[in-house]
Structure formats: structure tokens, C-alpha cells
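Notes to accompany the following structure.
Quick note on labels: first sequence line is chain A, next is B, and so on, each numbered from 1.
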Amino acid sequence: MIKNLVIVESPAKARTIEKFLGKEYLVMSSMGHVVDLKKKDLGVDIEHDFEPQYEVSPDKKKIVADLRKSSKGAKTVWLATDEDREGEAISWHLANQLKISDEKTKRIVFHEITKSAIDRAISNPRNIDINLVNAQQARRVLDRLVGFELSPLLWKKVKPALSAGRVQSVAVRLIVEREEEINNFKISSSYRVIADFEIEKKESTHQVRAELPKRFKTKKEAVEFLEKCRGSEFKIENIETRPAKKSPAPPFTTSTLQQEASRKLGFSVDNTMRIAQNLYESGKITYMRTDSVNLSNLAISMAKKEIEKSYGKDYVKTRKFATKSKGAQEAHEAIRPTFMENKNIKGREQEQKLYDLIWKRTIASQMSEALLEKTNIDISVSQSKEKFVAKGEIIKFDGFLKVYFESTDEESQEEKAGVLPPLELGDQLNMKEIQASERFTQHPPRYSEASLVKKMEELGIGRPSTYAPTISTIQRREYVVKEDRKGEPRSYKQMTLKNDDIKEELKKENSGFEKGKLFPTDIGTLVNKFLMEYFDDILDYNFTASVEKEFDEIAEGRKEWNQIIKEFYGPFHDKIEETTEKTKKFSGERLLGKDPETGKNVYAKIGRYGPMIQIGDTDSEEKPRFAGLKKNQSIGTISLEEALELFKFPRSIGEYEGEELTVNIGRFGPYVRHKNAFYSIKKEDPSNVDRERAIEIIEEKRKQADQNTIREFKERPDVKVLKGRYGPYIKIDKKNFKIPKGEDPEKLSLEDCIRISEDPKNAPKKRFRKKK
DNA sequence: CAGTGAGCGAGCTTCCGCTTGACTT
């Protein structure tokens with residue numbers, strides 16, 4: 001019999017802790033929450049003070065049963081879930097589910113997984129803090145009420161299967177509004193002047209590059225200035241040198257890790273988290289879902305030792321960082337290597353890269369500041385009041401820069417300041433060339449996944465465990481798409497003064513190139529418009545912050561959670577009812593003009609299945625005609641001509657193998673149809689697909705299918721052994737069957753296939769209903 | 001996986017936050 005049962009949230013944590021505690025302790029994990037509001041219906045009893053209707057989550061039934069069994073025999077059950085609102089609630093639900101007496105239940109917390117922290121926790125147990133639990137219940141119930149009343153309203157008014165919520169709807173709003181800003185952005189240009197000088201010093205020639213701080217609004221002004229430069233003398237008028245310091249960034253939180261991995265390694269938020277999870281489970285890094293920048297004393301002393309060993313004492317400067325982000329709960333340490341002496345790890349390439357980033361960032365955070373010397377040199381122009389400025393930067397002591405430099409989102413136009421030659425006051429410079437180039441203002445950047453996470457964190461919306469899932473949700477609902485945009489060529493004017501001559505050129509550059517940025521779709525834009533019109537309070541950027549304040553008051557025992565929810569729900573529910581009754585379908589309908597053939601109205605709108613064009617009015621006697629939009633078309637921008645073009649489908653484009661070939665646009669995009677089979681048109685515009693190209697597409701797919709076929713049987717053409725994304729499988733008619741281990745897919749006979757298909761172990765699992 | 005969109009009506013969809021495997025074709 002076990003004396004002590006310790007329950008934590010994560011199995012990897014359980015394994016670590018078990019090592020610290022002796023044989024008298026059994027450590028198990030709950031795998032997060034085990035109880036939630038019931039899945040079906042609202043799950044909240046509105047009539048009775050918003051009583052939550054809880055159930056053990058289906059996938060946690062076994063875990064709860066196992067925990068119950070182990071807890072029965074234990075003398076003491078230690079609830080060691082995280083020290084935050086959710087963790088407290090998990091402990092409370094566990095206590096309720098395990099049905100253990102209060103006397104043998106103890107609640108303990110630790111924020112770092114070290115022997116001393118755990119020992120300290122064990123000797124300082126407390127009871128479950130019911131106020132904190134109530135704050136969690138309020139949070140949970142509020143999110144359910146908002147999500148499960150707003151979403152059905154969208155199904156009625158906009159389109160089925162949509163969703164809305166406190167977090168995701170604000171994330172969508174950010175992206176929609178950024179796009180509006182971009183659309184309203186007026187590009188302007190100005191002229192930037194850069195001069196290249198030369199100077200002889202100590203028998204060698206040095207180059208000096210300087211920029212005019214002022215930019216000229218017009219070409220005329222820029223040329224006038226170049227005229228003045230012609231024949232001017234350039235003299236060093238002022239040299240200013242000042243010391244500067246650079247400090248390292250704090251260690252990683254979930255959000256900053258996602259941002260840096262995106263900028264430096266090009267990882268998606270989702271990928272970063274998956275890799276970090278692997279590193280965590282193999283014991284290489286600490287927990288990866290955290291909002292804390294704090295390092296344990298143990299970690300700091302390990303870092304110190306490592307820095308001393310690798311770089312010397314001068315490079316050590318330990319620090320404690322304080323969390324600045326809103327609503328941080330700091331239940332864990334910052335993300336860091338478990339053992340600082342492991343500079344490298346074995347593993348997959350991506351794991352090594354991410355680990356390297358974490359190692360460097362952590363080590364750098366405990367290193368000395370970099371000491372710099374910044375120099376500004378003013379260069380006068382004898383025939384003008386303007387002055388050129390040359391900037392230099394010398395690193396006197398590299399400090400943390402030896403290992404790590406934080407990157408930024410902004411791709412700046414500024415050139416990096418370098419080392420300046422030894423110049424003195426009064427020196428004359430020889431002008432080699434002065435260039436005035438037209439530069440354009442840039443619209444605000446679209447969000448990437450990582451910069452959206454950064455913004456969400458700033459607003460206090462979402463938690464480390466939900467950033468990645470939220471970003472997936474808004475893409476899965478097709479509110480937002482992640483896309484690349486090819487840049488477009490743009491010309492700019494450039495005037496060059498060289499050898500006393502001013503030359504003007506028209507140059508080309510690429511502008512607007514974007515990779516992996518988030519764009520709102522028509523549906524995202526429309527849903528946002530609807531919610532902003534009727535539920536702007538929920539979409540308010542401060543909504544979460546203000547309810548969090550209320551949750552804090554509940555946690556402090558100063559307010560009743562049911563009361564807080566009641567005050568919110570009353571007006572919210574009224575608004576839901578009112579909107580349900582008083583508003584019509586919200587389709588974003590836009591009248592494009594009249595169909596020249598029939599004279600009927602042509603509309604662009606959102607229909608049951610997404611963006612479409614409608615010819616004819618809904619209430620007219622004749623049924624309107626419909627056509628779906630192509631990818632990259634939008635109801636906001638499509639022209640009447642483009643809209644009418646869509647009605648030219650399905651197009652018959654000839655015959656092949658004695659059967660008709662048609663091109664059409666369906667639910668999953670454009671396709672070629674031939675002999676009852678569908679072939680997706682992925683690359684080109686379906687309007688341009690002719691017979692020849694269609695045959696190519698068909699043959700390509702057939703070839704692909706051929707290569708993926710391992711076995712075929714003449715007597716039963718519906719039975720095949722195929723090679724899929726996840727390895728070989730058997731296909732019979734339209735059902736797929738797993739091939740058990742030990743069977744060689746290359747050698748399966750028809751009888752083998754049928755035998756395998758009849759074994760219930762290999763039966764196709766019920767498909768998880770997941771709409772893409 | 002595939003040709004819809006109004007309307008008829010049944011039955012479905014949906015939230016956020018805490019955790020991992022099981023699973024996909």
C-alpha cells in the first residue's frame with residue numbers, strides 16, 4: 001500500500017517529481033482538467049443561479065477511475081496542480097471526483113521543479129482556496145454563455161457552423177481592422193539623400209557614408225539640394241561620441257518563444273509548440289506553456305557556472321526579471337534548458353534548432369550588458385544649411401551579444417551603423433557620389449501568427465495554452481487565411497550627383513512581398529461586422545481586461561461569482577433575443593449591377609456555403625441563379641464582369657476516351673470531371689483550362705494513383721493495397737483498413753486482404769467529425 | 001469530398017483552458 005499519492009497535471013512533471021520524492025510517494029497525473037461543463041447544451045442552469053452542470057470529460061473517465069483507485073489506499077492525497085486559477089479548479093474537481101475525506105487531502109504548490117521547492121511545498125500544505133475556484137467557475141461559465149449564445153445567432157443570421165467567443169472573435173477583429181487600415185492607407189513618397197565620401201588619412205583612403213536627416217517632399221526640392229551640393233565643400237563640423245548600453249532580453253515565455261522561433265527559424269506557432277512539447281517530454285527543457293520570465297535560483301546558478309566556464313567571469317551578470325504582461329499568472333518558470341551545461345542536444349534538426357534558441361536566450365539573460373560607443377558626425381555643406389550625418393557604432397564589450405541577439409518584426413530601412421574611420425573636426429571630405437532616391441511610406445504590416453500572439457498577449461486575451469489553438473480555430477472557421485503575397489514591381493525615381501553631373505533614372509523595386517501573413521476572408525469580415533454592430537461590448541479590446549478585474553475580486557473573496565455572471569448575462573441575453581427577432585439575414589449583400597442578358601439584378605453575398613453571386617432577386621417568382629466565387633475573389637471587390645464570368649460554368653471542353661470533359665467550380669474549388677471522376681484544378685484559373693490541359697491533369701492524377709498502388713486484384717477490382725500518407729493500407733470499395741504489424745503489404749493476397757478487413761481490430765475508426 | 005444557395009424542417013454546428021496520445025489516407 002502506498003502512503004502518499006501526489007497528483008500533478010502533466011505526466012512528464014510526474015516522472016521528474018517521483019525521482020525527488022522517496023519510495024513512500026506515488027506520483028500520478030490528471031492530464032489537465034478532468035471535469036468540464038457538459039458538452040451538450042448550455043451546461044449552465046440559468047434559472048438556478050447559473051449552477052454549472054459538470055461531467056467528467058469523456059477522454060478522462062479512465063484517468064479519474066485510476067486516480068480514484070490509487071487514492072483509496074493512500075493515507076494522504078497531495079493535490080499538486082499548478083498554482084493558478086485553473087490549477088486550483090482542477091484540484092477542486094479532483095477532490096470532488098475522488099471522494100476522499102478532507103482530512104487526508106492536502107493542497108500543495110510549487111513553481112519550480114527542484115527538490116528543495118518540492119520539500120518546502122510538502123511541509124507547507126494548505127486547503128483548497130474556494131474563492132480562487134469560484135473565479136475559475138465564473139471564467140468558465142462566462143465563456144460558455146458567450147460562446148454558446150453568440151454562435152447559434154451566427155448560424156441563424158450569417159451561416160451555419162460558425163463560431164464566436166471572447167478570445168477568437170477579438171483575434172479576428174484585429175486582423176479585419178488591420179486590413180481596413182491597409183486599404184485606407186495613402187501611400188506618399190519622399191526623397192532620401194545618401195552621400196558617399198572619401199578621405200585620405202595616414203596614407204590610406206577611407207570611405208564614409210552619411211545620410212541627410214531631412215527628407216525632401218518633392219523631386220524639385222531634392223534636385224535643388226543636389227544642385228547646391230555640386231561644387232560645395234564638405235567639412236566635418238561636429239563629432240559627438242557617447243557611451244551606450246544594451247541589455248539582454250528576459251528568458252522565453254510561450255509568447256516570446258513563438259515570436260522568436262517564427263522570426264529566426266521560420267516556424268509556425270503550432271510547430272514551435274509541438275517541438276517544444278517533445279523537448280519537454282524528453283526532459284530537455286522546462287515547461288513550455290508559461291507566462292513567466294522568472295528563473296529559479298537553481299537555474300540562475302547553473303547559468304552563472306556555465307557562463308563563467310565558457311566565457312569568463314566578466315560576462316556574468318545575473319538578473320531577476322519581472323513579468324509585465326497583463327493577467328500573467330506565473331504558475332511555472334520561464335522556458336529554459338533543464339541543464340544549462342548541455343549546450344547542444346541530440347535529436348531532430350528542428351529540435352536542435354529550437355533548443356539552441358532557448359539555450360542562448362536563457363544564458364544571455366544572465367550575461368553582462370554590451371557596452372557600445374555611438375558616434376554622430378555632422379558634415380556641413382558649404383552652399384546649404386543642411387547637414388549630412390554619419391553614424392558609427394563600436395562595440396567596446398560584447399557581453400551578452402556574444403551569444404544572442406533578439407530580432408524584431410520591423411524590417412527597417414535604416415542601414416546598420418558600422419565602424420567609422422578616425423575622423424577629426426575640420427577634416428575635408430571628397431564627395432564621390434550623392435544619391436536622392438524616392439522612398440515610399442509603408443502601410444502597417446499584416447499580422448503573422450506570431451505577431452498576432454504578441455498583440456493578444458498585450459491585450460491580455462488568451463493564455464499560453466490557447467494561443468496556438470486559437471490561431472488554428474480562426475483559420476479552420478475560414479475567418480482568416482495564412483498566405484504569401486508576391487510583391488509587385490514598382491518604379492521609383494533616383495537622382496545621382498557624380499562627377500559634377502546630375503543623372504536621373506527610373507528604377508524598379510519589388511514592393512508588397514509578404515510571407516505567411518494573415519488575411520481576413522469575406523466571412524471573417526462579415527462576421528466581424530455583424531458582431532461589431534450588435535455586440536461591440538464583447539469585441540471591445542478591454543472586455544477581457546475588465547472581466548479579469550471582476551474575477552480577481554471573486555478570487556479575493558470580495559464578490560460572489562454568481563452575482564457577477566448575473567449582472568453580465570441579463571443585458572447580454574436581452575441583446576441576443578432582440579437581435580434574433582429584429583434583424584434579418586446578414587449576408588453582406590452588394591449590388592453589382594444588372595445582368596445584360598436578362599436585366600436582372602446581380603448581387604455578391606455570403607450564402608449558406610460561402611461567398612457567391614446571385615442573379616435575380618430572392619423574392620421574385622423565378623428562382624435566382626447562383627455561382628460560387630473563385631479563390632482570391634472577394635464579395636467586396638468583385639466586378640460585374642468577373643461575376644458574370646462565373647456563370648459560364650460548367651463548361652464542356654470536349655471529349656476524351658469517348659466521354660465528355662467538363663470544367664466546373666465546386667465546393668472544394670475548381671475541377672475537371674470525366675467519367676464520373678473528379679480532378680482538382682490546383683494551379684491555374686479554371687477559365688483557361690482547355691481539353692489538352694484537362695487531359696494532362698487527368699493523366700497526372702492517374703500516374704500518381706498508379707504509383708500509390710501496391711497490389712491490385714483482377715477478380716476484385718474494388719480491393720486494393722495502397723500507399724498513403726501514413727503508410728500502406730487496404731481499400732475495399734470506399735472503406736480503409738489498417739494493415740496489422742507483421743504483414744508484408746507487398747505480398748498480401750486477395751484472401752489476406754479480406755481476412756484483414758473482417759478483423760474488427762483493423763476496422764476503420766469512426767471519423768472524428770472535423771469540418772475543414 | 002463534389003454541382004448547394006430561397007423555402008419547408010429535423011438535426012447538426014459552438015466557447016476557453018488545462019493536458020496528451022490516438023488518429024488520420
Side-chain angles (χ1 to χ4, degrees), chain A residues 8-13 29-37 39-43 57 59-60 63 81-82 84-87 89-90 93 136 139-155 159-169 277 281 289 331 461-466 469-470 473 477 544 585 587 605-614 616-620 623-628 649-650 662 664-671 673 676-680 708 722-729 731 734 736-738 764-772:
Chain A
V8 296
E9 292 178 39
S10 139
K13 196 172 176 178
S29 60
S30 74
M31 305 271 195
H33 273 291
V34 292
V35 167
D36 193 12
L37 297 177
K39 270 179 109 87
K40 277 209 160 193
D41 309 321
L42 199 55
S57 310
D59 54 333
K60 302 293 168 56
I63 290 166
T81 53
D82 296 347
D84 58 16
R85 207 159 62 197
E86 299 297 327
I90 293 173
H93 284 304
Q136 193 274 346
R139 198 281 302 156
R140 182 68 191 89
V141 167
L142 177 94
D143 282 337
R144 176 55 75 87
L145 292 173
V146 170
F148 276 36
E149 296 217 349
L150 273 184
S151 302
L153 186 63
L154 290 178
W155 306 342
K159 183 175 158 338
L162 295 177
S163 66
R166 174 176 60 81
V167 172
Q168 59 168 288
S169 296
Q277 177 90 29
E281 282 174 15
R289 288 185 279 262
I461 298 164
R463 303 277 313 131
S465 67
T466 60
T470 302
T473 300
R477 300 263 175 276
T544 292
K585 269 247 174 192
S587 69
K605 65 197 268 195
I606 298 283
R608 171 99 174 57
Y609 301 102
M612 63 159 179
I613 302 295
Q614 176 178 330
D617 286 276
T618 304
D619 48 11
S620 68
K623 188 180 183 292
R625 295 170 65 207
F626 305 98
F649 294 99
T662 49
N664 200 5
I665 302 172
R667 166 115 168 68
F668 302 99
Y671 62 91
R673 186 171 188 179
N676 271 329
F678 298 87
Y679 304 88
S680 290
N708 291 339
L722 300 173
K723 196 160 61 190
R725 238 197 319 160
Y726 308 98
Y729 64 102
K731 189 181 184 82
K734 276 182 183 165
N736 301 325
F737 301 91
K738 214 163 39 185
K765 293 278 185 311
K766 251 198 188 154
R767 251 193 86 134
F768 194 64
R769 193 195 292 271
K770 204 165 79 183
K771 272 212 157 174
K772 257 232 152 160

Reckon A:Glu149 touches a base, only the sugar-phosphate, or nothing at all at heavy-atom distances under 4.0 Å?
nothing
Taking only N/O atoms, report every protein-nucleotides 6-10 of chain B pair under 3.5 Å with atom names and distance.
none

Do any N or O atoms from the side chain of A:Lys623 and from the backbone of A:Gly616 form a donor-acceptor pair under 3.5 angstrom?
no
Describe the nucleic acid contact of A:Leu145 in one word from base, sugar-phosphate, nothing, applying a heavy-atom distance below 4.0 Å.
nothing
Rounded to whole Å, the CD1-P distance (A:Ile461 to B:dC15) equals 16 Å
How many whole angstroms separate atom CG of A:Leu150 from atom P of B:dC16?
10 Å
Are any non-hydrogen side-chain atoms of A:Arg289 and A:Gln277 less than 4.5 angstrom apart?
yes
Apply the test ring-ring contact (aromatic ring centres under 6.0 Å, His included) to residues A:Phe678 and A:Tyr671: give CA-CA distance (whole Å), side-chain angles for both, the deciding distance (0.1 Å), then the verdict.
CA-CA 6 Å; A:Phe678 298 87; A:Tyr671 62 91; 5.1 Å; yes
B:dT14 base stacked by A:Phe148 (centroids within less than 5.5 Å, tilt under 30°):
yes
Nearest-angstrom distance from the residue atom CD of A:Gln168 to C1' of B:dG17:
14 Å
Taking the P atom of each, how far is B:dC23 from B:dA2, in whole Å?
25 Å
Find the distance A:Lys40:NZ to B:dC15:P and express it as a whole number of Å.
16 Å
Just so I know, are the side chains of A:Leu42 and A:Glu149 near enough to count as touching, which here means a heavy-atom distance under 4.5 Å?
yes
Ionic contact status for A:Arg140 with A:Asp36, cut-off 4.0 Å
yes
Considering all heavy atoms of both residues, which atom of A:Thr618 and which atom of A:Pro624 are nearest to each other, and what is their separation?
CA-CG, 4.1 Å
Measure all distances between protein nitrogen or oxygen atoms and nitrogen or oxygen atoms of nucleotides 18-20 of chain B, and list the pairs falling under 3.5 Å.
residue, atom, partner, partner atom, Å
B:dC18, OP2, A:Ser465, OG, 2.9
B:dC18, O5', A:Ser465, OG, 3.4
B:dC18, O3', A:Glu9, OE1, 3.3
B:dC18, O2, A:His33, N, 2.6
B:dT19, OP1, A:Tyr287, OH, 2.3
B:dT19, OP2, A:Tyr287, OH, 2.6
B:dT19, OP2, A:Arg289, NE, 2.9
B:dT19, O5', A:Tyr287, OH, 3.3
B:dT19, O4', A:Gly32, N, 3.4
B:dT20, OP1, A:Ser10, OG, 2.7
B:dT20, OP2, A:Gln277, NE2, 3.0
B:dT20, OP2, A:Arg289, NH2, 2.7

Between P of B:dC12 and NZ of A:Lys159, the distance in whole Å:
19 Å
Establish, with yes or no, whether the OP1 or OP2 oxygen of B:dC15 is under 4.0 angstrom from a side-chain nitrogen or oxygen of A:Arg477.
yes
For a quick check, tell me whether the side chain of A:Arg140 and the base of B:dC15 share a donor-acceptor pair closer than 3.5 Å.
yes
5'-most contact on DNA chain B: A:Asn664 or A:Asp41, nearest heavy atom basis?
A:Asn664
Looking at A:Gly32, is its backbone amide N or carbonyl O close enough to the side chain of A:Ser30 to form a donor-acceptor pair, meaning the two atoms are under 3.5 Å apart?
yes
A:Lys605 side chain to A:Ile613 backbone, donor-acceptor under 3.5 Å:
no
When all nucleic acid strands are considered with a 4.0 Å heavy-atom cut-off, which category describes A:Ser169: base, sugar-phosphate, or nothing?
nothing
For a quick check under 3.5 Å, do A:Ser163 and A:Gln168 share a side-chain donor-acceptor pair by atom type?
yes
Are A:Trp155 and the base of B:dT14 stacked, counting only ring centres nearer than 5.5 Å and planes tilted under 30°?
no
Hey, what do you get for OG (A:Ser587) to CZ (A:Arg608), rounding to the nearest 0.5 Å?
15.0 Å
Rounded to whole angstrom, note down the C1' distance from B:dC1 over to B:dT24.
15 Å
A:Ile665 CD1 to B:dT4 P, in whole Å, measures 12 Å
Base, sugar-phosphate, or nothing for A:Val167, non-hydrogen atoms under 4.0 angstrom?
sugar-phosphate
Categorize A:Arg139 for me: base, sugar-phosphate, or nothing, with a 4.0 angstrom heavy-atom threshold over every strand shown.
base
Calculate the interatomic distance between A:Asp36 atom CG and B:dG17 atom P; express it in whole Å.
12 Å
In whole angstroms, how far is the P atom of B:dA2 from the OH atom of A:Tyr609?
12 Å
For a quick check of understanding: with a heavy-atom distance under 4.0 Å over all strands, which category does A:Ser163 fall into, base, sugar-phosphate or nothing?
sugar-phosphate
Looking for any heavy atom pair under 4.0 Å, which part of the strands does A:Ser30 touch: base, sugar-phosphate only, or nothing?
nothing
Using the salt bridge (Lys or Arg N to Asp or Glu O under 4.0 Å) rule, take A:Glu86 and A:Arg139 through it: C-alpha gap first, then chi angles, then the decisive distance, then the call.
CA-CA 10 Å; A:Glu86 299 297 327; A:Arg139 198 281 302 156; 3.0 Å; yes
